[in-house]
Amino acid sequence: MPLPRTRETGLRQRLAELRGPEVPAKALDARALAALAANPGCKRRAILDGAGVDKAALADALGSPSAFGQSQFALTRGNAFEARVKADGGAELLRLVHERLDRKAEPPSNAEVPDLTAIGPEGRTARTALALRDATASGGWTLLDHPMLALDVAGSPAFLEPDAVVVHPDGSWTVVEIKSFPMLDGSADPAKVGAAARQAAVYVLALEEEAARLTPPPRVRHHVLLVCPKDFSNLATASAVDIRKQRAVTSRQLARLTRVQDIADALPEGTCFSPELPADELTTAVEAVPATYAPECLSACELAFHCRDRSRADGAVTSLGRSVRAELGGLTTVEDVLAAARGEAGDPDDPAVAALRRAAELRAQALGRGVAACR
C-alpha cells in the first residue's frame with residue numbers, strides 16, 4: 001500500500017503537474033522575489049513563480065513575447081567586472097568592505113574563502129550554512145563567494161544566490177551587491193540603486209532566517225555594500241546602502257502573499273502551464289488564475305504584455321496605474337468611470353464620483369471657451 005502523501009510532498013507534486021511533465025523548474029531569484037513582493041496581490045505570478053514556470057517561454061507560447069531582462073552584452077560586462085572585483089581572493093572587495101563598513105576592525109589580510117560547491121541547491125544551502133557557522137566562530141574575515149541561501153516564500157522554499165556575503169571579525173554578516181552600472185562622482189542612478197537595494201533586502205531576509213538557527217544568532221547588518229565601476233573606468237568603488245526600509249517593506253509584502261497551496265487547490269484539475277501545450281489550452285490555463293496588472297509590471301514581469309492586453313480588453317482601471325486605481329474607489333472599469341463622469345451612474349455622495357463629475361464640468365467649460373475663442 002502506498003504511503004499517504006504529506007502536505008509538503010503533495011504540494012511539490014501538484015506544482016510539478018502545473019509546470020508540466022518533464023519540465024524542469026525555473027528557480028526563483030532575488031530579482032523575481034523583489035518584483036513579486038512589489039505586487040503581492042497577483043495570484044498569477046505567485047503560482048507561476050512558486051511552480052517554477054519559465055514565464056519568458058510561457059509569454060512566447062501565448063503570443064506576447066517579453067522584452068524583459070538584461071542584454072547579453074550587459075551580462076558579459078557585469079560578469080567581467082565581478083571577476084575583477086573578486087580577483088586575488090577578493091582582496092579588493094574586502095578592502096572596500098573594511099573601508100566603507102568596518103574601519104575599526106583589523107585590515108582583512110589572509111581572509112578565508114571557503115569552497116561552497118555541493119550537489120544541487122539543497123546541498124549548496126547546507127554547505128553555505130556550515131561555512132557561515134564556522135566563519136562566525138573563527139573571529140576573522142571570511143568571504144563567501146556566491147553562497148546559496150533559502151527563503152520561505154508563500155509556503156515553498158526559494159533558493160537565492162547573492163554575489164557575496166562577508167563575515168566580519170566580530171561575527172556579523174554583510175551582503176555585497178556587485179553591479180555593472182557606474183557611480184559618477186560618488187553617486188549612481190537612483191532608480192538602479194533602489195532596485196539593487198530591494199534585491200539586497202531579499203538576501204538580508206534569507207540571511208536572518210539562517211542566523212536565527214545559530215546560538216547566539218549573529219547580527220545581519222542592514223547596511224549592504226553596493227560595488228560599481230568608478231565613473232567610466234573599470235576600477236571598483238563602493239557605497240554603503242541602508243536597506244532597512246526596503247527590508248521592512250519586502251518582509252511585509254512577502255508575508256501578505258497568498259499561500260501557493262491555496263491558489264493551487266482552487267485551480268481546475270488538469271491545469272497545466274507547459275509552453276508545449278496548444279495556445280488556446282495554455283491561454284485557458286493562465287486565465288484561470290487572477291492577475292493584478294499595473295504598468296509597473298512592464299519592467300518586472302515577463303507576462304506583462306499578455307496581462308496588459310487582457311486588462312485593456314476588460315477595461316480595467318488598473319491598466320492606468322495603481323495611483324489612479326486608488327483614487328477611483330469602487331469604480332473598477334473605464335466604462336464605470338465614464339458613466340459616473342457623465343452623471344449616468346454612481347452615487348453622487350461618493351467622493352470619487354463627485355470629483356469625476358466636477359472634472360467633466362470643468363472640461364466642458366474649458367472646451368466651450370476654446371470653441372468660442374476660435375470663433
Over all atoms of both residues, closest heavy-atom pair of [X] and [Y]:
{"X": "G89", "Y": "L94", "value": "O-CD1, 4.1 Å"}
{"X": "P275", "Y": "A61", "value": "O-CB, 3.7 Å"}
{"X": "V227", "Y": "F81", "value": "O-CE2, 4.1 Å"}
{"X": "V260", "Y": "I47", "value": "CG1-CD1, 3.6 Å"}

Within a strict 4.5 Å, meaning less than it, do heavy atoms of the [X] and [Y] side chains meet?
{"X": "P162", "Y": "V176", "value": "no"}
{"X": "C272", "Y": "L277", "value": "yes"}
{"X": "L303", "Y": "R45", "value": "no"}
{"X": "R100", "Y": "R95", "value": "no"}
{"X": "L58", "Y": "L282", "value": "yes"}
{"X": "Y203", "Y": "L160", "value": "yes"}
{"X": "F273", "Y": "V23", "value": "no"}
{"X": "L225", "Y": "E177", "value": "no"}

Supply the atom-to-atom distance [X] [atom1] to [Y] [atom2], rounded to the nearest 0.5 angstrom.
{"X": "L48", "Y": "E302", "atom1": "CG", "atom2": "CD", "value": "10.0 Å"}
{"X": "Q199", "Y": "L226", "atom1": "CD", "atom2": "CG", "value": "10.5 Å"}
{"X": "L362", "Y": "L367", "atom1": "CG", "atom2": "CG", "value": "11.0 Å"}
{"X": "L101", "Y": "L96", "atom1": "CG", "atom2": "CG", "value": "9.5 Å"}
{"X": "R312", "Y": "L320", "atom1": "CZ", "atom2": "CG", "value": "9.5 Å"}
{"X": "C228", "Y": "K179", "atom1": "SG", "atom2": "NZ", "value": "9.0 Å"}

Does [Y] offer a backbone N or O that forms a donor-acceptor pair with the side chain of [X] under 3.5 Å?
{"X": "D314", "Y": "A316", "value": "no"}
{"X": "T128", "Y": "M148", "value": "yes"}
{"X": "D231", "Y": "S233", "value": "no"}
{"X": "T271", "Y": "P268", "value": "yes"}
{"X": "T136", "Y": "L132", "value": "yes"}
{"X": "S311", "Y": "C307", "value": "no"}
{"X": "R103", "Y": "E99", "value": "yes"}

Should the heavy atoms of other residues, nucleotides or ligands under 6.0 Å from [atom1] of [X] be counted, would the total exceed 12?
{"X": "E112", "atom1": "CD", "value": "no"}
{"X": "E296", "atom1": "CD", "value": "yes"}
{"X": "R363", "atom1": "CZ", "value": "no"}
{"X": "E344", "atom1": "CD", "value": "yes"}
{"X": "E208", "atom1": "CD", "value": "yes"}
{"X": "E287", "atom1": "CD", "value": "yes"}

Any carboxylate oxygen within less than 4.0 angstrom of a Lys/Arg side-chain nitrogen, looking at [X] and [Y]?
{"X": "D49", "Y": "K55", "value": "yes"}
{"X": "R357", "Y": "E361", "value": "no"}
{"X": "D29", "Y": "R31", "value": "no"}
{"X": "R221", "Y": "D170", "value": "yes"}
{"X": "D54", "Y": "R19", "value": "no"}
{"X": "R84", "Y": "E92", "value": "no"}

### Query
What do the steps show when you test L328 against L356 for side chain to side chain contact (heavy atoms under 4.5 Å, CB included), and what is the final call?
CA-CA 9 Å; L328 293 174; L356 286 168; 4.2 Å; yes
### Task
Just jot down the side-chain hydrogen bond (donor to acceptor under 3.5 Å, both in side chains) partners of R124, sequence neighbours excluded, or say none.
E161
## Note on the structure
Applying side-chain contact (heavy atoms from CB on, under 4.5 Å) to S138 and not counting sequence neighbours gives T142
### Task
Apply the test side chain to side chain contact (heavy atoms under 4.5 Å, CB included) to residues V193 and D189: give CA-CA distance (whole Å), side-chain angles for both, the deciding distance (0.1 Å), then the verdict.
CA-CA 6 Å; V193 173; D189 183 341; 5.9 Å; no
Is it the case that [X] and [Y] place a side-chain donor and acceptor less than 3.5 Å from each other?
{"X": "T174", "Y": "H223", "result": "no"}
{"X": "H222", "Y": "Q246", "result": "no"}
{"X": "D336", "Y": "T333", "result": "yes"}

### Task
Please assess V220 against S172 for the test side chain to side chain contact (heavy atoms under 4.5 Å, CB included), listing each intermediate value before the final yes or no.
CA-CA 6 Å; V220 179; S172 59; over 6 Å; no
### Task
Under the side chain to side chain contact (heavy atoms under 4.5 Å, CB included) rule, what do F159 and L149 come out as? Steps first, then yes or no, please.
CA-CA 6 Å; F159 295 101; L149 307 171; over 6 Å; no
### Message
Parallel, tilted or perpendicular: which one describes the rings of W141 and H98, with boundaries at 30° and 60°?
### Response
perpendicular
